[in-house]
Amino acid sequence: MTQPVLVAVAWPYASAEIHVGNITGSYLPADILARYHRLRGRDVLMVSGSDSHGTPVTVRADEDHATPEEVYKRYHVGFIELFQKLGLTYDIFTSTHTRTHFDVANKLFLSLKENGYLYTEESKQWYSPAQERFLPDRYVEGTCYFCGKTGARSDQCDHCGHLLEAEKLIDPKSRIDGSTPELRETTHFYLDLEKLEEPVTEFLRERQSYWRPNVIRQSLGQIETSGLRGRPITRDLYWGVPVPVEGWEGKCMYVWFEAVIGYLSSVVEWSRLHDDPEAWHHWWTNQKSRAYYCIGKDNIPFHAIIWPAELIGVGESFDEKMGAADPQPLVLPYDVPANEFMNLEGKKLSGSHNWAVWGLDFLERYDPDPLRYILTVNMPETRDSDWDWEEFYQRNNNELVATWGNLVNRVLAFAFKHWDGAVPIPNELREGDLALLQTIRTGFKTVERYLEAVKLRAALLEAMRLAGEVNKFLDSTGPWFEIKMDKDAAAKSIYTAIQAIDWLKMIFAPFLPHTCEKLHTYLGGAQPIFGQLVTREIEDDLGTHTVMLYEPGESLSAAGEDLWQPFELVPGKAFKQPAPLFKKLDESIVAEERARLGN
RNA sequence: GGCGAAGUAGCUCAAUGGUAGAGCAGUGGACUCAUAAGCCAUUGGUUGGCGGUUCAAAUCCGCCCUUCGCCA
């Protein structure tokens, strides 16, 4: 057992497809982090799943005349297909509609209740007598009391943009059957955030020095200016996790409260699926465990305030309910490296106007590593960034193909031709050879510092700079010239370059896993660097659900050893004839792809 | 209306009070192992505007302009 690292990834809403903005915002940075820590030999668990509850799913179900379950499953399998193709190494990607999640959510809810952090309050909500149920805000529309336009939702008017108080809406109608709803009293549980304000503030202050400023601003800054107020955590909704209290039938937990519990329940599920039901403690009650939460900026308050508040309020009670003899508190987030948003060709992404680049659609025409590359160098780590097809085309050809892919190809092709498929034997290396190797060796440390600080774009740009150093080295030694005069000198140059490439392979691996794996086989690697993603159907009393699992298998990174270091390349070792790692793109794709937008 | 962010080379961005930089694009050159890739050199800035603090400001403060986001 080594250092536990929990990589907790935002749960996609199972009511919309995933676009490049979602990928660069949370899923891809999570995988880069997870793969890096896997290479370090740490006990990584990367977890997430489909957020299958909540009104977006029921709204979509009503529109499609399907059940919420059918809707969530349709998107869920699409997510898994995308993540497999992209190579996102989720140890488990599951769903919130599982018995394990319901159990864990119940235990968490009851722990908070018993510890005195929940209270109940009455409020007025729209109720449909015809359907005998309360209607969520977006199911009720009427006339806006600000601008007088019809078609306003009861929580917001799309015409004037005002947020509305539901009960003031003029002439309300149900969107389902057009009937007139009435206001009824209803009671809900609230999370007592006022009571938790002090420990949450302390939690944030302890992490203030190394968290991203945007995250601190929206959490600690928010609390310091406005304080915290209680929030309802239940709703009158049939689709979700039922409130586990007698007399509360027909009410479910509010999705913002319940979905984050998935970070815990998915680890419990992973443990059960691996026949080691207590394994979850390693990540969740071991205070040495480091938990990273990879999310987009829209989720900052939930992950930096509310989820820590839930965990603090639960204390040791959850572990106790899980049957621990010596119950421990749950591990609080170590870092919440939230990203800003990615726009598209200068405009905000919009799924409904097809102003988006969809993940699965992209992978129909292009490979995963170029996507990972462009999304990493443009990752919105400090501010909103922009997806631009011209830039994708340029960077693919000028950077991935020309700098890195061509470096690999020119060196291996040359070596294969002149040394018969074996790494040349260099004998004594020259000063310049040693200097280059020292540069790359130092690169491990530099890139490591960036990755530990979750500065992924700086890390990748540094790796590219190192590849450029090898190109410079080749031009200064000129092995194609040396080979004619002094084959031993050429052997030194080429050995040095292959050694550098072999090291860079490991440095690039978290970012560009597919091509690095390919390069690894060219260089004679017998075992793969990383494991594989598989799917399984799981059955419980709620039905079946598909999970995606990461299987380390016989891969190098499965052994728990630190691979993030410059291992010596054995002279004379056999390697394979290389093929280009990346495809050069034709300029015409820019116009073609732009033509697809906005239809 | 309130709060926040951003404005730096043609483009994308870096530079947390100490000589304004990088990549791409542009221009010139030498080379040929390689996916016509790579390498060397080079052009290009009143850091949105005005004022202030300071020995020193892209950076801190005030006002204004522009763009974007969140909230009412």
Side-chain angles (χ1 to χ4, degrees), chain A residues 21 146 155-157 160-165 209 212-222 224-226 296-301 338-343 345-349 370 373-374 376-419 424 450 455 457-458 460-465 467-484 487 489-491 493-494 497-498 501 515 577-587:
Chain A
F146 281 101
D155 58 341
Q156 189 175 3
C157 173
C160 63
H162 280 94
L163 295 185
L164 308 179
E165 287 174 59
S209 64
R212 291 185 182 172
N214 59 337
V215 180
I216 284 296
R217 225 178 4 247
Q218 283 195 54
S219 52
L220 188 57
Q222 202 62 41
E224 281 169 346
T225 53
S226 336
K297 67 175 167 185
D298 50 330
N299 259 323
I300 290 172
N339 280 327
E340 305 287 306
F341 289 153
M342 176 173 268
N343 299 314
E345 306 256 343
K347 286 197 284 184
K348 195 179 173 181
L349 283 168
Y373 181 76
I374 190 79
T376 307
V377 294
N378 275 328
M379 207 164 260
E381 292 178 330
T382 54
R383 64 169 82 162
D384 287 1
S385 66
D386 194 48
W387 173 288
D388 184 282
W389 280 105
E390 173 76 23
E391 193 186 356
F392 170 67
Y393 156 73
Q394 294 280 358
R395 282 192 183 263
N396 180 77
N397 287 5
N398 295 333
E399 298 175 26
L400 262 191
V401 172
T403 304
W404 170 232
N406 182 57
L407 168 66
V408 170
N409 198 45
R410 71 194 290 209
V411 169
L412 295 189
F414 190 84
F416 194 82
K417 185 170 158 193
H418 293 286
W419 282 274
Y450 284 129
K455 293 184 174 173
R457 73 193 267 176
L460 181 52
L461 290 173
E462 174 65 9
M464 284 301 282
R465 193 189 67 78
E469 290 296 324
V470 186
N471 277 320
K472 288 188 182 113
F473 166 82
L474 287 171
D475 259 73
S476 69
T477 58
W480 48 91
F481 179 70
E482 290 173 323
I483 194 90
K484 294 172 188 160
K487 192 167 180 182
S493 300
I494 292 297
I498 299 180
I501 287 169
T515 47
Q577 179 148 30
L581 293 178
F582 304 99
K583 290 179 201 138
K584 196 161 175 165
L585 296 172
D586 192 89
E587 194 176 358

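These numbers come from a predicted model, not from an experiment. Here is how names work: the chains are called A, B, and so on, in the same order as the sequence lines, proteins then strands, and each is numbered from 1.
Comparing the same atom, C1', in B:G18 and in B:A57 gives a spacing of 10 Å after rounding to whole Å. Of the C1' atoms belonging to B:C39 and B:U32, the separation is 11 Å, rounded to the nearest Å. Of the C1' atoms belonging to B:G28 and B:A34, the separation is 24 Å, rounded to the nearest Å. Taking atom C1' in both B:U46 and B:C3, one finds a spacing of 32 Å when rounded to whole Å. Distance noted for atom P between B:A15 and B:U53: 28 Å (whole Å). Only the C1' atoms considered, B:U66 is 16 Å distant from B:U47, to the nearest whole Å. Annotation: B:C11 and B:C64 have their C1' atoms spaced 28 Å apart (nearest Å). Separation of the P atoms belonging to B:A25 and B:U59 is 32 Å when rounded to the nearest angstrom.
Put simply, CG on A:Leu474 is 22 Å from P on B:A30, counting in whole angstrom units. Residue A:Glu462 contributes atom CD, which lies 17 Å from atom P of B:A14 at whole-angstrom precision. When rounded to the nearest whole Å, the span between CZ of A:Arg212 and C1' of B:A5 equals 16 Å. Taking atom CE of A:Met379 as the reference point, atom P of B:A14 lies 15 Å away to the nearest angstrom. The distance from atom CD1 of A:Ile483 to atom C1' of B:C33 is 10 Å, rounded to the nearest whole Å. We find that CG of A:Asn471 is positioned 13 Å from C1' of B:U35, with the value rounded to whole Å. Between the CZ atom of A:Phe473 and the P atom of B:C40 there is a distance of 14 Å, rounded to whole Å. If you take NZ of A:Lys487 and C1' of B:C33, they are 14 Å apart, rounded to a whole angstrom.
Side-chain atoms of A:Arg395 do not come within 3.5 Å of backbone N or O of A:Ile374 as any donor-acceptor pair.
Taking all atoms of both residues into account, the shortest heavy-atom contact from A:Trp480 to A:Leu474 is CH2-O, 3.4 Å. Here the closest heavy-atom approach between residue A:Ala413 and residue A:Pro578 is recorded as N-CG, 3.7 Å. Considering every non-hydrogen atom in both A:Ser493 and A:Glu482, the closest pair reads OG-OE1, 2.6 Å.
A:Tyr450 places none of its side-chain heavy atoms less than 4.5 Å from the side chain of A:Leu461. When side chains are defined from C-beta on, A:Arg410 counts as touching A:Asn471, because their heavy atoms get closer than 4.5 Å. With contacts defined as side-chain heavy-atom distances shorter than 4.5 Å, the pair A:Leu460/A:Met379 does not qualify. Inter-residue side-chain proximity for A:Ile501 and A:Trp404 is flagged as met; some heavy-atom pair is nearer than 4.5 Å. Inter-residue side-chain proximity for A:Leu581 and A:Asn409 is flagged as unmet; no heavy-atom pair is nearer than 4.5 Å. Contact of the A:Asn339 side chain with the A:Arg212 side chain is registered, since non-hydrogen atoms from C-beta on lie closer than 4.5 Å.
In this structure, A:Trp480 forms an aromatic stack with the base of B:C33, since both conditions hold: centre separation below 5.5 Å and plane angle below 30°.
Here the straight-line distance linking atom NZ of A:Lys584 with atom OH of A:Tyr393 works out to 7.0 Å at 0.5 Å rounding. For the atom pair A:Glu587 CD and A:Glu390 CD, the distance stands at 6.0 Å (nearest 0.5 Å).
Sequence order on RNA chain B of the closest nucleotides to A:Phe481 and A:Lys472 puts A:Phe481 first from the 5' end. Residue order along RNA chain B, read from the 5' end via each residue's closest nucleotide, puts A:Lys417 first among A:Lys417 and A:Lys297.
Of the residues in residues 405-413 of chain A, those with a non-hydrogen atom less than 4.0 angstrom from any atom of RNA chain B are A:Asn406, A:Asn409, A:Arg410.
In this structure, A:Leu581 reaches the bases: a heavy-atom distance under 4.0 Å links it to at least one base atom across the strands shown. No contact: A:Pro479 has no heavy atom under 4.0 Å from any strand.
A:Phe414 and A:His418 have tilted rings, their planes meeting at an angle from 30° to 60° on a 0 to 90° scale.
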Every protein N/O within reach of nucleotides 20-24 of chain B N/O, cut-off under 3.5 Å:
residue	atom	partner	partner atom	Å
B:C24	O3'	A:Asn398	ND2	3.3

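For A:Lys584, whose side chain is taken as the heavy atoms from C-beta onward, the closest listed nucleotide among B:C39, B:A36, B:U32 is B:A36.
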- [ ] Determine which bases of RNA chain B form Watson-Crick or G-U wobble pairs with both distances under 3.5 Å, and write the result as a 5' to 3' dot-bracket string with | for other-strand partners.
- [x] (((((((..((((....[..)))).((((.........)))).....(((((..]....)))))))))))).
